[in-house]
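Computation of the quantities below employed the complete heavy-atom set of this structure, encompassing side-chain atoms and omitting hydrogens, waters and symmetry-equivalent molecules.
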Amino acid sequence: MTLETPLLDRVTVPADLRTLKPQELRTLADELRQATIHAVSKTGGHLGAGLGVVELTVALHYVYNTPDDRLIWDVGHQCYPHKILTGRRDRIETLRQGGGLSGFTKRDESDYDPFGAAHSSTSISAGLGMAVARDLSRGDNHVVAVIGDGAMSAGMAYEALNNAGAMHSRLTVILNDNDMSIAPPVGAMSAYLSRLLSSKQYLSLRELGKGIAERFPKPVERAMEKWEEYARGFVTGGTLFEELGFYYIGPIDGHNLEHLLPVLKNVRNAKDGGPVLIHVVTQKGKGYDPAEQSADKYHGVAKFDVVTGAQHKGKPNAPSYTAVFGETLAKLADADDKIVAVTAAMPSGTGVNIFEKAHPTRTFDVGIAEQHGVTFAAGLAAEGYKPFAAIYSTFLQRAYDQVVHDVAIQSLPVRFAIDRAGYVGADGQTHCGAFDVAYLACLPNFVVMAAADEAELARMVATQAAIDDRPSAVRYPRGEGVGVDIPEDPQPLTIGEGRIVRPGAKGGGAKGRGADKVGGAVAILSLGARLEDSLKAADALAARGLPTTVADARFAKPLDEALIRKLAETHDLLIVIEEASIGGFGSHVLDYLVKHDLTRALTVRPMAMPDRFLDHDKPENQLKTAGLDADAIVATALDALKIDPAADDRDAEDRDAPARA
């Protein structure tokens with residue numbers, strides 16, 4: 001399919017856009033929509049949200065002097081058209097690929113991205129900070145924050161609105177409402193009212209009215225102000241925002257440039273006012289029929305055929321961890337009516353949608369409100385229910401205070417299902433689940449598990465269902481399992497008990513070391529998803545004459561102290577590996593070894609994520625870069641045992657020489 005975009009081809013940066021005539025912007029928007037569809041069809045990514053804001057993106061860059069005027073996109077799902085217009089079109093087909101453009105806004109990628117965003121509901125807070133910085137510096141630029149109606153379900157957005165209204169700083173918030181429709185007559189009337197209410201004439205008249213009202217006694221003055229606010233609120237629906245201190249305009253059709261442009265210009269030119277909220281109504285997936293007809297409006301897609309909309313998803317070799325969680329929980333709930341599921345606006349992303357189909361009345365989506373979700377689950381637990389709070393690792397960070405104070409201190413049995421633990425590929429830094437082991441395993445009386453495969457995940461969900469006296473968590477990675485059989489009736493694990501997956505051969509040792517030690521020279525103690533690579537590394541080490549024991553810790557807390565002691569006392573080298581940050585499982589193991597004087601005859605090497613944020617890439621490349629794949633485990637073992645890999649290869653060649661002769 002040939003993409004022809006003659007007008008868009010003339011626009012490299014927004015300054016080029018601003019040379020166009022207003023009547024040319026409709027054609028430009030159509031071409032921009034097609035360019036967005038074409039790019040995402042090649043790379044996959046977030047499509048529906050971006051298609052919904054094409055006209056809004058064009059209008060904002062046309063009216064405002066970006067990048068001097070700050071334009072902040074909340075979450076970043078909607079930023080692909082913005083990237084095309086801001087000097088990145090030549091790289092747009094590298095979206096979410098290794099070394100390519102981020103799927104979100106990113107400060108070090110472009111001057112047109114003043115604030116990085118991948119977790120929602122931050123734009124108003126950041127925008128207010130920038131507006132106040134401008135005022136302190138006696139600047140004169142504009143600050144515009146674009147936030148979706150879904151992101152407005154988060155308390156942080158209202159905290160920012162409240163603060164901005166109280167400070168009366170010059171800030172424009174655009175509420176992108178894509179869950180509402182406007183019939184043509186209503187839309188026309190709304191557009192007329194919005195133009196009127198944002199006009200200089202109306203604002204001047206409003207100021208005159210205020211001046212007259214001030215001459216009356218205070219009760220009368222306030223009553224007149226309230227009447228004006230509520231009158232506009234009755235017509236436009238903006239009373240809540242008026243009460244928070246914003247001047248409300250809307251709703252207006254976000255796909256009609258004739259409606260958008262005059263309102264944005266009026267707001268831009270009203271330099272003496274306080275914060276303004278413009279309510280813009282858009283359609284997610286607008287202009288691409290497969291997206292418009294899809295239930296999720298093509299929120300996140302794989303590569304797809306532009307003509308048919310068919311997504312090119314690889315055939316799975318095994319069920320995803322997410323699906324295993326949802327299916328296991330649904331089965332357990334069949335027999336236990338106290339089990340309920342809680343998610344924060346991610347039912348399909350966490351597998352709760354599977355549970356919901358079987359148990360709709362016991363499923364609770366609290367919106368983008370992780371703090372509320374955790375304490376809501378704590379309330380359920382306090383009344384004897386068994387809540388499973390299914391939240392991504394990085395999203396759970398937003399509710400850490402609630403995890404500590406509302407759950408852990410009260411020892412309430414909230415069960416956390418932590419999806420996206422570890423590297424997440426194309427979603428990059430912001431969605432990488434790095435810190436959950438460290439921030440949960442430090443909490444008293446908390447059970448923290450990590451699933452090595454899909455069968456283990458099923459058993460761990462059953463284990464959580466059986467824990468009634470304290471909080472628990474199970475972490476598992478994004479993507480498919482390793483292909484093992486999943487038990488039909490998963491049984492709970494013994495709390496704090498790991499397992500030996502592969503014993504090393506008795507006797508042997510590295511270069512004569514450890515001959516008196518049962519199990520050989522090397523032991524690998526893996527937590528979670530690094531088990532498969534640990535087994536591959538064990539094969540490679542065994543081929544070098546280093547019999548290697550592989551153990552699956554299962555629990556980061558409580559530790560299997562008997563297993564750790566056994567490995568320490570029967571091996572020369574203990575490698576402890578986890579796909580998580582420093583300060584987690586490895587730190588707890590080292591603490592135990594040192595306190596019990598088990599390191600005198602033992603070399604220990606912890607392996608965890610490096611102390612830096614890795615860019616988006618294929619997961620296997622991220623693991624290689626992080627030094628957490630099978631090759632890295634082998635290299636760590638050889639280095640710790642002071643074995644030269646090249647010398648070992650030469651020895652193998654010498655042994656094979658007579659056979660070749």
Worksheet entry | Chi angles and distances behind the side chain to side chain contact (heavy atoms under 4.5 Å, CB included) call for Met152, Asp74 | CA-CA 10 Å; Met152 287 294 286; Asp74 203 279; over 6 Å; no
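- Proximity of a side-chain donor or acceptor of Glu454 to a complementary backbone N or O of Gly483 within less than 3.5 Å is detected.
- Side-chain contact annotation: Asp419 with Thr322, donor-acceptor N/O pair under 3.5 Å present.
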Discussion item. I'd like to know whether Leu563 forms a side chain to side chain contact (heavy atoms under 4.5 Å, CB included) with Ile500, so could you lay out the CA-CA distance, the side-chain angles of the two residues, the decisive distance to 0.1 Å, and finally the verdict.
Written reply: CA-CA 8 Å; Leu563 175 62; Ile500 298 289; 3.5 Å; yes
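- In Asp111, the CG atom is not crowded: 12 or fewer heavy atoms of neighbouring residues, nucleotides or ligands sit closer than 6.0 Å.
- The heavy-atom pair separating Pro81 from Gly50 by the smallest distance is CG-O, 3.4 Å.
- Applying the side chain to side chain contact (heavy atoms under 4.5 Å, CB included) criterion to Lys303, with sequence neighbours excluded, gives His312.
- A distance of 13.5 Å separates CG of Leu95 from NZ of Lys42, quoted to the nearest 0.5 Å.
- Glu159 contributes atom CD, which lies 10.5 Å from atom OG of Ser121 (distance to the nearest 0.5 angstrom).
- Atom OG1 of residue Thr343 and atom CD1 of residue Ile391 lie 7.0 Å apart, to the nearest 0.5 angstrom.
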Worksheet entry | Check against side chain to side chain donor-acceptor pair (under 3.5 Å), Thr105 and Asp113 | CA-CA 6 Å; Thr105 54; Asp113 293 357; 5.3 Å; no
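- The main-chain N or O of Asp615 is found under 3.5 Å from a side-chain atom of Gln622 such that the two form a donor-acceptor pair.
- You'll find the side chain of Glu456 stays beyond 4.5 Å of the side chain of Tyr476, heavy atoms only.
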Worksheet item: side chain to side chain contact (heavy atoms under 4.5 Å, CB included) between Val414 and Val342: does it pass, once the steps are laid out?
Response: CA-CA 10 Å; Val414 175; Val342 179; over 6 Å; no
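- Checked options Arg475, Lys557, Arg420; the residue passing with Asp436 is Arg475 (criterion: salt bridge (Lys or Arg N to Asp or Glu O under 4.0 Å)).
- Using a 4.5 Å cut-off on side-chain heavy atoms (C-beta onward), Thr328 and Leu457 make no contact.
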Fill in: From CA spacing to verdict: side chain to side chain donor-acceptor pair (under 3.5 Å), Thr86, Arg88
CA-CA 6 Å; Thr86 53; Arg88 288 169 276 186; 2.9 Å; yes
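- Side-chain contact between Pro413 and Pro471 is absent, with no heavy atoms from C-beta onward closer than 4.5 Å.
- The two residues Ile575 and Ala637 come nearest to each other via the heavy atoms CD1-CB, 3.8 Å.
- Side chains of Ile486 and Pro319 form a contact here, defined as non-hydrogen atoms less than 4.5 Å apart.
- Asp427 pairs in a side-chain hydrogen bond (donor to acceptor under 3.5 Å, both in side chains) with only one of the listed residues (His46, Arg96, His616), which is Arg96.
- Ring geometry, Phe395 versus His431: the interplanar angle exceeds 60°, so the pair is classed perpendicular (tilted spans 30 to 60°).
- Side-chain contact between Lys83 and Tyr112: absent, with no pair of heavy atoms (C-beta onward) separated by less than 4.5 Å.
- A 6.0 Å sphere centred on CG of Asp485 holds no more than 12 heavy atoms belonging to other residues, nucleotides or ligands.
- With rounding to the nearest 0.5 Å, the separation of CE in Met130 from OG in Ser123 is 10.0 Å.
- Within the 4.5 Å cutoff, the side chain of Gln371 has no heavy atoms near those of the Asp401 side chain.
- The backbone N or O of Tyr423 lies less than 3.5 Å from a partner atom in the side chain of Glu579, making a donor-acceptor pair.
- Crowding of Leu598 atom CG: a count of heavy atoms from other residues, nucleotides or ligands under 6.0 Å exceeding 12.
- Under the 3.5 Å distance criterion, the side-chain polar atoms of Thr463 are matched with a main-chain donor or acceptor of Leu493.
- The minimum heavy-atom distance linking Ala126 with Ile72 is given by the pair C-CD1, 4.2 Å.
- Residues Asn176 and Asn178 are in side-chain contact: their nearest non-hydrogen atoms beyond the backbone lie under 4.5 Å apart.
- Ion pairing between Asp533 and Arg530 holds under the 4.0 Å rule for side-chain N and carboxylate O.
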Practice prompt. Quick one: do Val146 and His82 satisfy side chain to side chain contact (heavy atoms under 4.5 Å, CB included)? Show the steps, please.
Written response: CA-CA 12 Å; Val146 183; His82 160 80; over 6 Å; no
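- Glu356 places no side-chain N or O within donor-acceptor distance of the main-chain N or O of Val352, the cut-off being under 3.5 Å.
- Between Gly498 and Asp560 the shortest heavy-atom distance is N-OD2, 2.7 Å.
- Distance check, rounded to the nearest 0.5 Å: CZ of Phe435 to CD of Gln397 gives 6.5 Å.
- Annotation for Tyr385: atom OH does not count as buried by contact number, only 12 or fewer foreign heavy atoms lying within 6.0 Å.
- Classification of Asp617 and Lys624 as a salt-bridged pair fails, no side-chain N sitting under 4.0 Å from a carboxylate O.
- A donor-acceptor pair under 3.5 Å is absent between the side-chain atoms of Arg554 and the main chain of Arg499, judged by distance alone.
- The closest donor-acceptor contact from the side chain of Thr94 to the backbone of Gly100 lies at 3.5 Å or more, if one exists at all.
- A donor-acceptor pair under 3.5 Å is absent between the side-chain atoms of Arg70 and the main chain of Phe115, judged by distance alone.
- For Arg107, the CZ atom is loosely surrounded, since the number of other residues' heavy atoms within 6.0 Å does not exceed 12.
- No donor-acceptor pair closer than 3.5 Å links the side chain of Glu578 to the backbone N or O of Leu527.
- In the displayed structure, Asp469 atom CG is contacted under 6.0 Å by more than 12 heavy atoms of other residues, nucleotides or ligands.
- Side-chain atoms of Tyr400 come within 3.5 Å of backbone atoms of Tyr439 as a donor-acceptor pair (strictly under, hydrogens ignored).
- Side-chain contact check for Val424 versus Tyr392: every heavy-atom pair is 4.5 Å or farther apart.
- The two residues Thr549 and Gly504 come nearest to each other via the heavy atoms OG1-N, 2.8 Å.
- The two residues Leu443 and Val403 have their closest heavy-atom pair at CD1-CG1, 3.9 Å.
- The line from CE of Met449 to CD of Gln464 is 4.5 Å long, rounded to the nearest 0.5 Å.
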